[in-house]
Amino acid sequence: MRDLDMNQPASGGEEEEEFPMGSVEEDEEERGAVASGPHRPKKLRLSKEQSRLMEESFRLHHTLTPKQKEALAVKLNLRPRQVEVWFQNRRARTKLKQTELECEYLKRCFGSLTEENRRLQREVEELRAMRVAPPTVITPHTRQPLLASALTMCPRCERITAATGAPALRPAAAANPFHPRRPSAAF
DNA sequence: AGGGTCAAAGTGGCCC
DNA sequence: GGGCCACTTTGACCCT
């Protein structure tokens with residue numbers, strides 16, 4: 001039933017028939033029951049073969065010249081207007097699909113950017129926290145945390161000492177065997 | 001039966 | 001003025 005060719009143009013050969021989708025007799029019978037308006041013909045459905053050929057043509061070119069339109073209409077036994085409408089709607093469907101794809105892509109972009117933004121915000125928070133708490137060191141003598149800013153270095157022996165004068169830390173450079181050693185208790 | 005979906009076709013505006 | 005596009009209407013069909 002679906003593939004019945006109900007798309008024959010009305011007899012008479014005139015391009016713009018008032019009821020292009022069926023004979024006048026059919027319209028007389030069905031008009032009142034189906035159509036919303038008194039002069040609205042039943043809507044056609046292209047056959048599978050017609051749709052296939054239209055698609056084939058659409059793959060080759062998305063728009064038709066008047067000659068191509070005419071030729072396709074003849075080939076499919078449709079009116080040129082129907083071919084034109086089909087191509088218009090087909091272009092609209094293509095565009096809609098493309099827009100939907102772009103929409104999905106942008107949604108994914110938004111998602112990953114939101115995630116990266118969250119990650120960077122966390123990083124900023126961590127860096128801020130590190131700056132707020134001043135760096136401290138544990139002195140070997142008192143075993144208490146001491147502000148790093150309170151440390152000074154002895155210009156002579158290059159030992160790091162607390163501002164109080166007591167030696168606090170030995171820098172890595174102090175491990176240098178060439179660094180002058182304190183006289184040992186044995187000497 | 002009726003609600004949803006799809007596609008054919010109508011309409012009006014814009015552009016060349 | 002014809003062709004195209006965006007938007008809308010409407011009929012056919014499908015599913016529950």
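No hydrogens, no waters, no symmetry mates; every other heavy atom, side chains included, goes into these values. Letters A, B, ... mirror the listed sequences (proteins, then strands); counts begin at 1.
Counting to the nearest Å, the P atom of B:dA9 and the CZ atom of A:Arg90 are 16 Å from each other. Counting to the nearest Å, the P atom of B:dA8 and the CZ atom of A:Arg79 are 13 Å from each other. Following rounding to the nearest Å, A:Leu78 (CG) and B:dA7 (C1') show an atom-to-atom distance of 14 Å. One can place CG of A:Asn89 at 13 Å from C1' of C:dT10, the figure rounded to the nearest angstrom. A:Leu46 has its CG atom 12 Å from the P atom of C:dC13, to the nearest Å. Rounded to whole Å, the distance from CD on A:Glu84 to P on C:dG2 is 11 Å. What separates CD of A:Glu55 from C1' of B:dA7 is a distance of 12 Å, to the nearest Å. Distance A:Lys67 NZ to C:dG3 P: 14 Å, rounded to the nearest Å.
What you find for A:Ser51 and A:Leu46 is that their closest heavy atoms are OG-CB, 3.7 Å. The minimum heavy-atom distance linking A:Ser112 with A:Cys109 is given by the pair OG-O, 3.0 Å. In plain terms, the two heavy atoms of A:Leu72 and A:Ser57 that are nearest each other are CD2-OG, 3.7 Å. Closest approach of A:Gln50 to A:Asn77, counting heavy atoms only: NE2-O, 4.4 Å. In terms of heavy atoms, A:Leu78 sits closest to A:Met54 at CD1-CE, 3.8 Å.
Using a 4.0 Å cut-off between a side-chain N of Lys or Arg and a carboxylate O of Asp or Glu, A:Glu55 and A:Arg52 do not qualify as a salt bridge.
Annotation: ring-ring contact (aromatic ring centres under 6.0 Å, His included) contacts involving residues 44-67 of chain A, sequence neighbours excluded, comprise A:Phe58-A:His62, A:Phe58-A:Phe87.
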Table of protein N/O atoms under 3.5 Å from nucleotides 2-4 of chain B N/O atoms:
none

Output a table of nitrogen or oxygen pairs between the protein and nucleotides 11-16 of chain B separated by less than 3.5 Å.
none

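Chaining together hydrophobic side chains whose heavy atoms lie under 4.5 Å apart places A:Tyr105 alongside A:Leu106. Through direct or indirect side-chain contacts shorter than 4.5 Å among Ile, Leu, Val, Met, Phe, Trp and Tyr, A:Phe110 is connected to no other residue.
Look at A:Arg45 and you won't find any side-chain N or O under 4.0 angstrom from OP1 or OP2 of C:dG11. Taking 4.0 angstrom as the limit, A:Trp86 places none of its side-chain polar atoms (N or O) nearer than this to OP1 or OP2 of B:dA7.
Taking five base pairs at each end of the helix from B:dA1-C:dT16 to B:dC16-C:dG1 and finding the rotation axis that steps the C1' atoms of four pairs onto the next four gives two axes whose angle is 10°, to the nearest 10°.
If you check residues 57-65 of chain A against DNA chain B, you find no residue with a heavy atom closer than 4.0 Å. DNA chain C lies under 4.0 Å from at least one heavy atom of each of the following residues of residues 93-107 of chain A: A:Lys95.
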When you look at A:Arg128 and A:Glu125, which way does the salt bridge (charged side-chain N to carboxylate O under 4.0 Å, His left out) test go after all the steps? CA-CA 5 Å; A:Arg128 271 205 188 111; A:Glu125 289 305 316; 3.4 Å; yes
Does the salt bridge (charged side-chain N to carboxylate O under 4.0 Å, His left out) test come out yes or no for A:Arg81 and A:Glu84, once each step is laid out? CA-CA 5 Å; A:Arg81 169 67 184 156; A:Glu84 182 183 316; 3.2 Å; yes
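Contact annotation: the side chain of A:Lys95 never approaches that of A:Arg91 to less than 4.5 Å [non-hydrogen atoms, C-beta and beyond].
Residues satisfying the side-chain contact (heavy atoms from CB on, under 4.5 Å) criterion with A:Val74, sequence neighbours excluded, are A:Glu70. Looking at residues two or more places apart in sequence or on another chain, you find a side-chain contact (heavy atoms from CB on, under 4.5 Å) between A:Leu120 and A:Glu116, A:Glu123. Listed by chain and number, the residues in a side-chain contact (heavy atoms from CB on, under 4.5 Å) with A:Thr65 are A:Lys67, A:Gln68 (sequence neighbours excluded). Among residues two or more places apart in sequence or in another chain, the side-chain contact (heavy atoms from CB on, under 4.5 Å) test is passed with A:Glu104 by A:Lys107, A:Arg108.
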